[in-house]
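So the structure is just underneath, and the comments pick up after that.
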Amino acid sequence: MKITAIETYVCHARMRNWIFVKVVTDQPGLWGWGEATLEWHTQSVVGAIKDISQLLVGEDPRRIEHLWQMMYRQHFWHGNGIVRGTAISGIDIALWDILGKIHNVPCHELWGGRVRDYIRLYCHLGGGRMEDFYETAPDDAKRFGDLALKAVDEGFTAFKSMAVPETMPLEGLRPVKYAEACVRAMRDAVGDDIDIMVDCHARPSPRMGMLFAKALEPYGLYFFEEPCWPESMEDIALIQRAVQTPIASGERLVGLHAFRDMLEKRAVSVIQPDITHCGGLSEARKIAALADAYRVSMAPHNPQGPVSTAASIELGFATPSYIICESVHKDVEWRQDVVSEGFTVQEKGRIVLPNSRPGLGIEINEEEVKKHPFQQEILQRTFYKDGSIGDW
């Protein structure tokens with residue numbers, strides 16, 4: 001059995017171009033689907049996949065770890081950068097899809113079988129609609145409360161918000177009070193039985209991140225995400241020690257070694273590897289095992305396309321430390337038109353029941369994908385009041 005081609009299909013989904021990866025074999029009807037979506041770097045990733053494919057065409061797709069080592073270590077440059085790491089991830093996910101199809105079992109059965117009966121989903125405020133999640137004014141506390149109620153009405157028991165505003169390296173009370181008002185509005189709207197997460201998007205400086213974390217501590221957040229740059233891991237660890245709120249981070253990290261450093265510093269309570277960036281399912285499983293040694297929870301970053309979601313769910317069913325799955329369902333109206341899925345979602349509680357189809361349990365409709373060809377992603381630029389560059 002040999003790999004005969006590695007193909008990419010780009011599907012424009014407003015804020016992102018989903019990059020679907022199809023690994024084709026010489027066995028009729030046997031291929032696997034992966035995803036390598038990386039916002040604002042679409043053409044770079046497609047090129048990287050083309051470069052890496054030279055290493056894999058003609059190889060046995062069943063030798064997944066061997067091929068992963070080849071992709072990561074060959075051609076001199078290791079695959080620990082975001083573009084090559086994403087390219088490797090998309091191919092690796094597709095290889096696991098193939099292996100599941102060969103053995104006619106879901107991927108989670110390849111990894112020791114189910115460790116749980118269902119997986120809980122959480123949504124973004126607005127269901128992933130860009131205008132609601134990213135562009136709701138941080139001083140519009142009522143809007144945050146209204147969107148929180150809508151998420152609960154749609155069956156979710158957990159949701160994530162961007163209630164922390166963009167701030168300069170040091171500011172006074174105003175942005176902190178804004179964030180507190182927004183989170184208070186959400187908690188008052190939904191009560192104590194709903195889990196609320198706040199994502200800082202690594203916008204704040206370490207000092208501002210600390211101020212936000214302390215201000216929001218009384219509201220019992222499920223976790224507080226990326227309070228400052230991941231390059232400032234020691235500062236994330238300081239914030240983790242200063243508050244009771246669980247701190248989460250990791251979506252921008254690529255590879256096992258980066259997560260080793262995070263865990264050694266005891267910087268977080270929740271790791272958030274992105275399966276489409278960190279090295280695919282192969283590396284995500286190693287990261288999960290490492291997190292287990294530190295008794296740290298895992299909640300993969302997953303705001304991308306449907307293959308990423310299927311991969312996260314398969315990982316979750318076989319991973320003890322996995323606690324919840326990030327999901328978006330309203331980023332584009334036609335999301336479900338491009339994919340058929342093997343798992344089912346119960347609307348009450350938004351819980352996922354196991355996939356019973358082989359591999360990832362999904363199939364991409366290539367004709368539907370072609371209806372949404374590549375377009376440049378919507379540019380996101382942030383400037384502070386004085387014209388200096390900020391973090392989006």
Are side-chain N/O atoms of [X] and [Y] paired as donor and acceptor at under 3.5 Å?
X    : Y    : result
Q240 : S269 : yes
Q304 : T276 : yes
W229 : D391 : yes
N302 : S308 : yes
S312 : Y322 : yes

Problem - Stacked cation flag K286 on W111, 6.0 angstrom / 45 deg - result: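 The answer is no, since K286 fails at least one limit relative to W111.
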
Exercise for the section: Answer yes or no on whether R187 is positioned over the face of Y222, meaning its NZ or CZ is under 6.0 Å from the six-membered ring centre and within 45° of the axis. Expected result: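 No, R187 and Y222 do not form such a contact.
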
Problem - ILVMFWY network linking I102 to L360, side-chain heavy atoms under 4.5 angstrom - result: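 Same cluster: I102 reaches L360 through Ile, Leu, Val, Met, Phe, Trp or Tyr contacts under 4.5 Å.
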
Handout entry: Path from V152 to L121 over hydrophobic side-chain contacts below 4.5 Å
Key =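 No, V152 does not connect to L121 through the hydrophobic network.
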
Handout entry: Atom pair CG/SG of L95 and C107 - distance to nearest 0.5 Å
Key =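 SG of C107 is found 10.5 Å from CG of L95.
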
Under a 4.0 Å threshold between the charged nitrogen and the carboxylate oxygen, would [Y] count as salt-bridged to [X]?
X    : Y    : answer
K214 : E217 : no
E326 : K160 : yes
K265 : D261 : no
D235 : R207 : no
R114 : E109 : no
R184 : E180 : yes
E377 : R14  : no
D146 : K142 : yes
K330 : E154 : yes

Exercise for the section: List, by chain and number, the other hydrophobic cluster members for F76, where Ile, Leu, Val, Met, Phe, Trp and Tyr join if side-chain heavy atoms come within less than 4.5 Å, directly or indirectly. Expected result: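 Traced through the cluster, F76 reaches W77.
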
Under 4.5 Å between any side-chain heavy atoms of [X] and [Y], yes or no?
X    : Y    : result
F374 : C11  : no
Y9   : I364 : no
R266 : I236 : no

Practice task
Fit a plane to each ring of Y72 and W68, take the angle between them on a 0 to 90° scale, and name the class: parallel (under 30°), tilted (30 to 60°) or perpendicular (over 60°).
Solution key: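 It falls in the parallel class, under 30°.
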
Problem - Aromatic plane relationship, F156 with H329 - under 30° parallel, 30 to 60° tilted, over 60° perpendicular - result: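 Judged by the thresholds at 30° and 60°, the geometry between H329 and F156 is tilted.
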
Problem - Exceeds 12 heavy-atom contacts within 6.0 angstrom, atom CG of D193 - result: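 No, because the 6.0 Å sphere around CG of D193 holds 12 heavy atoms or fewer from other groups.
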
Problem - Q272 and its side-chain hydrogen bond (donor to acceptor under 3.5 Å, both in side chains) partner, picked from E225, H301, E251 - result: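 Testing Q272 for a side-chain hydrogen bond (donor to acceptor under 3.5 Å, both in side chains) against E225, H301, E251 leaves exactly one candidate, E225.
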
Problem - Centroid-centroid distance, W33 to W18, less than 6.0 Å - result: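 That pair fails the under 6.0 Å test.
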
